[in-house]
Each structure stands twice: as structure tokens, then as C-alpha cells.
Amino acid sequence: MTAPGTRAEAPDGDTDDLDVEEALALVREGHRENRDDGTDDGAGQLPAPSPQPSGERPAERHRATPWTRAREIAARAARSHGPQSAGGTPAGTRRVPVSVDLADALGLVLAAPLDALTDLPSFDTSAMDGWAVAGPGPWQVRDEGVLAGHAQPEPLTDGEAVRIATGARVPADTTAVLRTEHGRTDSQGRLHTTREMLHGQDIRPRGQECRTGDQLLPVGTLVTPAVLGLAAAAGYDTVTAVPRPRVEVLVLGDELLATGLPHDGLIRDALGPMLPPWLRALGADVVAVRRLGDDARALRKAVAASQADLIVTTGGTAAGPVDHVHPTLERLGAELLVDGVKVRPGHPMLLARTKDHQHLVGLPGNPLAAVSGLLTLAEPLLRTLAARPAPEPYALPLREAVPGHPYDTRLIPVVLRGDHAVPLHYNGPAMLRGIAAADGLAVVPPGGARQGEEAELLDLPWAAAGIGVCFT
């Protein structure tokens, strides 16, 4: 969906002057956030900034990566800088293409052109139910008709007609197909037309759609239901595609319950049930979901042993006594590409390269903060790995004002009502009530947004506007 006021640059725009080395340089230069938990009071009111030390500008205290830049880094982190492979793999992916059955190919990206294996149609066919006729009328009608799926019928002679079904092979020497509603028979059984008929009318000639060897779709095409239909019509049983990125989810935290009601300081794990289907909606193949608790040794072992393209961890990204993600990455020699993002909620998210072809996205433990991290870092990286096209950015005016953070971008759940986005008020970092009813997230710049001001929107993969649920 595109709306007036679309921002000129996508939030994960492919700018030519940014690469992973620059991202690393930003980290080395101190582009590191004070690791708070990214919380506000749940009603959009943020605490006033503390007094600045003498001579220090406010922006200098907030050294995390800007939100737009973080998305660019994540998109580029998975990108191959080498030449396109001989097999035609789409630029931007280092994944080896695979042959995939049509039934399993939905949502993948073609890694080889879809070329016509035959003429379409592969023989002259009737476009309508009616009669195949030869020469001018009236016509004498044969006793037996022609049905789809049958062998080539006997040729017609001038003055002869035969009943024919849609999709059936047209007899040789057919002049046209006369539609059922345009013909009548007289008392002698002869067929007459009730309106003027043109030569070749309602006949789909062989090769009308394509000829053998024609390129139907190029490399990089997203496999939609229509693409599957075209591939099947063209004779394909499989397509060559970029495989789904493999993702392993590591759920951290001793305080998490898998079942039952919260009790005795324990809380239900919301991210374990939420993240895998969300990642699948982003095109990933979730190969494992593991609950590790607050166990540094188990975390290190799991990360070191993982063969996934992307590891997603939940919680443990701040600097508390049981926050083990940073120390684990340091011990494993991982490269921090993003260490904190100037976004609320979700400040302490991170992105690291753990191996040559493997990355780790560390999500905050608060549920909405984790959603923020998922859309900020995991979505652009997975999209690049899968060679999927970036969505077109768009913006809508806000129905009401949204308070802003002094320095950071805010991501606020919204529902779409007509040509406006309506902010939802249950938007604290630990709250899921707002996002569960949302159609998307509004990107609110530092300082906030006024009523009627346009805000960039991030769609949710399954969102449908107008469902009539609005917690405002």
C-alpha cells in the first residue's frame, strides 16, 4: 500500500556509502548505548533527561546507532559483495540455490529464470463453449462433440460444425468458434449464427501466451500463488529458488514459565510462542526453539554449535548480573555490528556476526521491545538472506499526537482507519495488548509527532485494516 506523503528513502535503504566495515567503525568509535532496559511508563510519557555534565551536548550521551542506520546495517550484513553466481543467484545473497517442489515454494525468490518449457497454449484451443465451424454458415453439425483432454479431432470441411468445450483442441481447418449463446439450429438441424462472426473468433492459437524458451519471469521474482500457477501451466514440477534462511531461537531467562499462571515472581514466556510464527511470516525456517534460562555456559555452547543462518536470542542484552549475551559474544570472538539502537522500546538490541555466514540478533526481553528489535534488525537481515524485495515505504497522518523521546525514534502500534493511523495506548515495552490489535507500527521521530502529521508505517505480515478493534 502506498499513500501520499511517502518518505523518499526506505528505512532500510540501499545507500551506497554504507557497509559493514563502516558499521564496525561506528562501534569502535564508541557508538555504544548506555544499556538501559528501554522502558517508559507505558502511556507514552518519557522521563525527563537527567542534567547534562558541563560542556556536554545532549546528543553525545546517546551513542547508540540511529534506527534508520541500524536497519541499513542489518540489511547489508547478510549481503554478498562478490559477483553474481554463474547459476543466476540474485545479487545480495550468498545462499546456494535449491530445487523446490511447487507446493513448498510459496514466498521464496526465484534463483533461476522461469523459461517456457512449451508453447502456451501448446495447441489451438477453444476459448468458449459452443461450436467449431468451418467456412460460412449455415453448418451441418456432427453427431459427436469435442471435449477438453481428448486427442486431436478430425479436421472440419467447409459447411461443417462440431460441438466443442472450453479448452478442447480445435479441429484443423476451423474458421472460428461460435459461442453457444450466439447460435441456433433450424428444423433440419443446421446451425446458424445470430450475429456477425469474425475469422479466428474465440480461438486461443498455439503460442498466444508464450513460445518455448521465452522468459516468463526473471531471477529475483517473489513466488506468489499466481507464479505457482504459471509455473505449473508451463510444465514445471519444481523451481530453483533461494532457500529460506534457517533461524534458531534461544529463549533466555530463569523467570520464565512455559505453562500456567504467573506466580512467585515467575512470568509467562510470551516470546517463545510469538517469535517462531513471526519469523516464519518473515520468510524464515525456524529450525529450533530452545529455552536456556540464565546459563552463560549453555548460551555459549548453543551459539558455538548452531548451524543456523541467524540466531535470535531473547533477553540478556543489557548489563545486569545475568545478562550473558555480550560476554558470550566477546568470548566467541563475534563482531558487534550494532550495539544498541536509538529506538524506544528496544534500546538494548544488538546485531553480531558470529561466523562468516552466521549472525545473531539479540532482542530485549520485554515483549514489545523484542518486537521492535525483530522489525529493526531481524527483518532486514532475513529479507536480504532470502533475496526478497524491500517493501515500499509509505506514510499516513496520525489521528492524534504522539509524544516523542528527546533523542530516539519511537515505534508505536497503530490501527489504520480510512486514511489515518490511530495510535494505540497500550504501547509500553512489556505490553502486547496494543500490538495484538495493531495493523502496523508508526515510526515516530525524536521529539514526537503532532496530530495530523504523517508518520512512516511498518506493516505487520498478517495485518488487515478495519477489524474493529481499537484500544484507545
Side-chain angles (χ1 to χ4, degrees), residues 1-13 40 42-46 67-68 71 107 222 224-225 270 274-275 277-283 343-346 366-380 382-383 388-405 408-472:
M1 176 166 50
T2 304
T6 298
R7 298 192 182 195
E9 181 182 63
D12 47 0
D40 59 29
Q45 301 300 323
L46 295 161
W67 181 77
T68 300
R71 300 200 82 207
L222 183 68
T224 63
M274 180 174 70
L275 290 181
W278 201 315
L279 289 162
R280 292 187 189 103
L282 294 176
V343 67
R344 304 292 174 129
N366 275 325
L368 188 57
V371 169
S372 174
L374 191 68
L375 297 181
T376 300
L377 298 178
E379 186 275 332
L382 288 171
R383 176 168 20 89
R388 297 175 73 170
E392 288 291 328
Y394 73 102
L396 285 177
L398 295 168
R399 179 139 322 158
E400 60 187 65
V402 178
H405 187 275
D408 298 350
T409 299
R410 292 190 74 202
L411 300 182
I412 301 295
V414 296
V415 290
L416 307 184
R417 294 290 181 264
D419 58 354
H420 281 76
V422 182
L424 299 173
H425 289 177
Y426 293 97
N427 54 38
M431 297 181 179
L432 289 175
R433 186 173 174 182
I435 193 69
D439 297 317
L441 290 168
V443 181
V444 178
R450 300 181 304 276
Q451 181 180 2
E453 184 176 347
E454 288 192 335
E456 184 177 308
L457 296 181
L458 302 178
D459 278 331
L460 303 179
W462 54 85
I467 60 175
V469 178
C470 185
F471 298 112
T472 57

Where [X] and [Y] come nearest, the two heavy atoms and their spacing:
{"X": "N427", "Y": "R410", "value": "OD1-NH2, 3.9 Å"}
{"X": "A437", "Y": "V415", "value": "O-CG1, 3.2 Å"}
{"X": "L441", "Y": "V371", "value": "CD1-CG1, 4.3 Å"}
{"X": "A270", "Y": "L432", "value": "CB-CD1, 3.8 Å"}
{"X": "V402", "Y": "L398", "value": "CG2-CD1, 4.0 Å"}
{"X": "L411", "Y": "P413", "value": "O-CD, 4.0 Å"}

key: Partners passing side chain to side chain donor-acceptor pair (under 3.5 Å) against T409 (at least two apart in sequence or in another chain)   = none
request  = Take H420 and E400, measure what side chain to side chain donor-acceptor pair (under 3.5 Å) needs, and give me the verdict at the end.
outcome  = CA-CA 9 Å; H420 281 76; E400 60 187 65; over 6 Å; no
Do [X] and [Y] come within less than 4.5 Å of each other through their side chains, counting heavy atoms only?
{"X": "R344", "Y": "S372", "result": "no"}
{"X": "V343", "Y": "D408", "result": "no"}
{"X": "R399", "Y": "V414", "result": "no"}
{"X": "E379", "Y": "L374", "result": "no"}
{"X": "L416", "Y": "L457", "result": "yes"}
{"X": "N366", "Y": "P345", "result": "no"}
{"X": "I412", "Y": "L424", "result": "no"}
{"X": "R71", "Y": "T376", "result": "yes"}

request  = Could you tell me which residues satisfy salt bridge (Lys or Arg N to Asp or Glu O under 4.0 Å) with R450, sequence neighbours excluded, listed by chain and number?
outcome  =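 Partners of R450 by the salt bridge (Lys or Arg N to Asp or Glu O under 4.0 Å) criterion, ordered by chain and then number, come out as E453.
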task = Show your reasoning for whether side chain to side chain contact (heavy atoms under 4.5 Å, CB included) applies to Y394 and L458.
result = CA-CA 8 Å; Y394 73 102; L458 302 178; over 6 Å; no
query = How long is the span from the CG atom in D419 to the CD atom in E454, to the nearest 0.5 Å?
reply =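 So the CG of D419 and the CD of E454 are separated by 9.5 Å.
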query = Can you check side chain to side chain contact (heavy atoms under 4.5 Å, CB included) on V443 and W67, steps first, answer last?
reply = CA-CA 10 Å; V443 181; W67 181 77; 3.7 Å; yes
